[in-house]
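Worksheet: one structure, shown below.
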Amino acid sequence: MDKYMIDGGRRLCGSVRVQSAKNSVLPLFAASILTDKRVTIRETPAISDVFCMAQILRELGADVTFRGEDVTIDSSNACCHEISSSLTKELRSSVFMLGSLLTRFHRARIAYPGGCDIGLRPIDLHLNALKRLGVNITERDGFILCECERLRGAEIPLDFPSVGATENILLAAVKAEGTTVLSGAAKEPEIVDLQNFLNAMGAKVSGAGTDEIIVEGVKELGGVNYKPMKDRIEAGTFLIACAVCGGEVEVVGVKNQHIGLLLHKLRENGCKIHTKNDRIRIESSGRLRCNRRIETMPFPGFPTDLQAQMTALNCTCEGGAIVIENLFETRFKYVPELQKMGADIEVQGRTAFVRGVKELHGASVVAGDLRGGAALVLAALGAKGVSEVIDLSHIDRGYSDLQKKLKTLGAEIKRVRV
Ligand code: UD1
């Protein structure tokens with residue numbers, strides 16, 4: 001097990017290039033087996049979720065070749081429709097495999113998916129939608145077996161704009177007979193990226209980015225060479241890191257419309273933000289002000305994946321902040337760790353009340369989930385003294401070279417094997 005040793009209190013200065021979006025690349029990997037032609041996904045981030053997804057594709061019989069950051073998937077020999085529980089339990093995105101396996105083989109058997117322990121995360125919306133497309137589903141011994149003779153386009157209203165369910169429905173509908181009309185769809189930019197990828201393969205998908213997506217089933221899908229969108233959550237994490245530590249940082253590559261609300265919140269804190277094309281520059285100096293209220297919502301609302309990092313920022317701002325988590329039930333599990341560093345936070349159900357303290361102090365903390373872990377790193381970067389952030393396995397799922405990138409910005413951070 002690895003840990004970070006962080007000597008806090010250094011200002012951050014410099015420029016950082018954003019990786020491709022984890023939450024885009026993972027569904028694209030799943031989409032790659034929709035065709036038996038060669039698929040290349042360029043500039044993939046070196047994160048463990050990507051390696052795990054590659055392993056899932058290999059288990060299905062696909063050849064997955066990494067050439068630097070470019071990954072080529074050739075699934076012409078894939079014949080297996082089953083994913084072992086050890087891999088699905090490690091990665092929630094394995095649930096997307098249901099949609100693509102059904103399109104490719106009309107059959108899929110997968111264990112219930114895992115991922116970060118941040119709430120119940122049921123998959124009822126995914127399964128109900130698949131049923132409407134003509135899929136029979138049986139659940140036994142922790143496995144889900146999906147089968148159909150053919151997939152038929154349908155009208156699918158979603159009760160909640162689930163990102164994963166929206167993506168899974170696209171993957172199951174691309175080659176279905178007839179037209180699928182999905183209403184109440186999630187509007188996240190990663191869904192637009194999936195639409196663009198599928199259309200580049202020859203699919204007919206329109207409306208992504210709005211709450212109604214229309215998929216006209218096509219007979220064939222071809223290969224594709226695709227560069228995914230950049231990671232708005234990684235970009236946001238670096239911007240918040242600069243807000244926490246003070247300094248001047250330029251984040252390169254991300255579309256500022258993808259993190260509009262974060263930029264607004266950071267300005268509310270007292271940071272100066274300048275945007276130009278795909279560059280966002282942040283300046284932070286002196287003690288910042290707390291945000292009065294941060295409430296997570298589906299896109300274009302405030303992203304739940306930046307909630308923990310913003311809470312860490314507010315810990316040392318002036319005043320008090322209310323943070324409301326609407327998406328996942330237990331996404332405040334990192335709070336006791338921040339308290340070890342001197343944070344004054346009270347959690348009541350889905351709401352955290354933060355009272356800003358002058359500074360945090362170094363402590364030994366455990367990263368229990370991906371974004372909560374990132375929040376601890378940010379808190380440690382801003383804290384007085386040395387902190388250790390233990391267990392980097394979750395952080396490694398979503399951030400490539402986090403330590404290297406922070407070091408380039410001037411942070412004092414070492415990765416150590418425990
Ligand atoms: C995706 C992102 C994750 C992000 C989340 C919300 C990926 C790989 N992960 O996760 O980083 O935090 O969107 O923006 O893209 N729900 C149900 N039934 C379902 C599906 C979801 O009740 O069948 C609930 C979930 O429990 C949760 C809420 O809907 O409370 C949001 O989940 P969803 O949008 O599906 O998130 P994920 O796709 O899992």
Side-chain angles (χ1 to χ4, degrees), residues 23-24 26-34 49 52-53 56 60 81-83 85 87-148 150-176 180-188 190-191 193-195 198 203 205 207-208 211-215 217 298-299 304 327-329:
N23 288 352
S24 182
L26 298 176
L28 300 189
F29 265 65
S32 71
I33 61 146
L34 292 169
D49 270 8
C52 187
M53 204 66 186
I56 289 178
L60 297 172
H81 63 272
E82 197 163 310
I83 304 175
S85 60
L87 284 169
T88 56
K89 290 221 159 17
E90 222 163 277
L91 183 63
R92 182 174 164 87
S93 307
S94 48
V95 76
F96 306 124
M97 297 308 300
L98 278 180
S100 17
L101 283 170
L102 280 163
T103 293
R104 179 83 183 261
F105 301 117
H106 291 183
R107 227 174 129 82
R109 185 172 185 268
I110 70 165
Y112 258 101
C116 271
D117 178 17
I118 53 173
L120 290 169
R121 306 189 94 168
I123 54 166
D124 53 317
L125 298 170
H126 301 243
L127 299 184
N128 288 339
L130 293 177
K131 281 181 196 158
R132 290 184 83 96
L133 293 169
V135 179
N136 286 317
I137 299 176
T138 40
E139 296 174 54
R140 201 180 305 149
D141 307 325
F143 277 85
I144 308 161
L145 176 63
C146 300
E147 290 170 296
C148 60
R150 59 202 174 95
L151 291 155
R152 285 185 314 267
E155 293 201 358
I156 307 178
L158 272 184
D159 289 339
F160 179 84
S162 155
V163 175
T166 299
E167 292 167 339
N168 223 345
I169 293 164
L170 298 195
L171 295 171
V174 269
K175 286 178 77 182
T180 297
V181 179
L182 169 59
S183 52
K187 296 185 283 217
E188 269 66 4
E190 290 77 10
I191 292 169
D193 214 30
L194 177 60
Q195 169 180 284
L198 293 172
V205 185
D211 55 12
E212 187 174 91
I213 302 180
I214 298 170
V215 187
F299 192 85
T304 173
L327 276 97
F328 295 107
E329 298 80 6

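Please read all numbers here as calculations on a predicted model, not as lab measurements.
- Applying the side chain to side chain donor-acceptor pair (under 3.5 Å) criterion to R107, with sequence neighbours excluded, gives H81, E147.
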### Message
Evaluate L34 against K175 for side-chain contact (heavy atoms from CB on, under 4.5 Å), listing each step before the verdict.
### Response
CA-CA 9 Å; L34 292 169; K175 286 178 77 182; 5.7 Å; no
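- Looking at residues two or more places apart in sequence or on another chain, you find a side chain to side chain donor-acceptor pair (under 3.5 Å) between S24 and D193.
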### Task
Determine, step by step, whether I144 and I123 satisfy the side-chain contact (heavy atoms from CB on, under 4.5 Å) criterion, reporting the C-alpha distance in whole Å, the side-chain angles of both residues, the deciding distance to 0.1 Å, and the verdict.
CA-CA 11 Å; I144 308 161; I123 54 166; 3.4 Å; yes
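- Shown here are the side-chain contact (heavy atoms from CB on, under 4.5 Å) partners of A185, two or more places apart in sequence or in another chain: T166, L182, I213.
- Using a 4.5 Å heavy-atom cutoff, the side chains of L98 and V135 are not in contact.
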### V95 vs H126, side-chain contact (heavy atoms from CB on, under 4.5 Å): CA-CA, chis, key distance, verdict
CA-CA 9 Å; V95 76; H126 301 243; 3.8 Å; yes
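- Annotation: the span from C146 atom SG to L133 atom CG amounts to 11.0 Å, rounded to 0.5 Å.
- By the salt bridge (charged side-chain N to carboxylate O under 4.0 Å, His left out) test, E82 pairs with R109, sequence neighbours left out.
- Identified under the salt bridge (charged side-chain N to carboxylate O under 4.0 Å, His left out) test for residues 154-169, with sequence neighbours left out: none.
- Heavy atoms only, all atoms of each residue included: G99 and N168 are closest at N-OD1, 2.9 Å.
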### Query
Would L28 and L194 satisfy side-chain contact (heavy atoms from CB on, under 4.5 Å), going step by step from the backbone distance to the final call?
CA-CA 7 Å; L28 300 189; L194 177 60; 3.9 Å; yes
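- Qualifying side-chain contact (heavy atoms from CB on, under 4.5 Å) partners for A176, counting only residues two or more places apart in sequence or in other chains: L151.
- Between atom CD1 of residue I33 and atom CZ of residue F96 there is a gap of 13.0 Å, rounded to the nearest 0.5 Å.
- Under the salt bridge (charged side-chain N to carboxylate O under 4.0 Å, His left out) criterion, R132 pairs with no residue at all, not counting sequence neighbours.
- The CG atom of L130 lies 11.5 Å from the CG atom of N136; values are rounded to the nearest 0.5 Å.
- Of all heavy-atom pairs between A31 and L198, the closest is CB-CD2, 4.2 Å.
- Between P161 and F299 the shortest side-chain heavy-atom distance does not fall below 4.5 Å.
- Considering all non-hydrogen atoms of both residues, T180 and A173 come closest at OG1-CB, 3.5 Å.
- Within the 4.5 Å cutoff, the side chain of M53 has heavy atoms near those of the M97 side chain.
- Applying the salt bridge (charged side-chain N to carboxylate O under 4.0 Å, His left out) criterion to R140, with sequence neighbours excluded, gives no partner residue.
- Between the CD1 atom of I191 and the CG atom of N23 there is a distance of 10.0 Å, given to the nearest 0.5 Å.
- Separation of atoms CG (L60) and CD1 (I56) is listed at 8.0 Å; rounding is to 0.5 Å.
- For E212, there are no side chain to side chain donor-acceptor pair (under 3.5 Å) partners, not counting sequence neighbours.
- The salt bridge (charged side-chain N to carboxylate O under 4.0 Å, His left out) search around E188 returns none, not counting sequence neighbours.
- Between the T103 side chain and the L171 main chain, a donor and an acceptor come within less than 3.5 Å of each other.
- Note: S100 OG to L170 CG = 11.0 Å, rounded to the nearest 0.5 Å.
- In this structure, L102 and C148 have side chains that are in contact, with non-hydrogen atoms separated by less than 4.5 Å.
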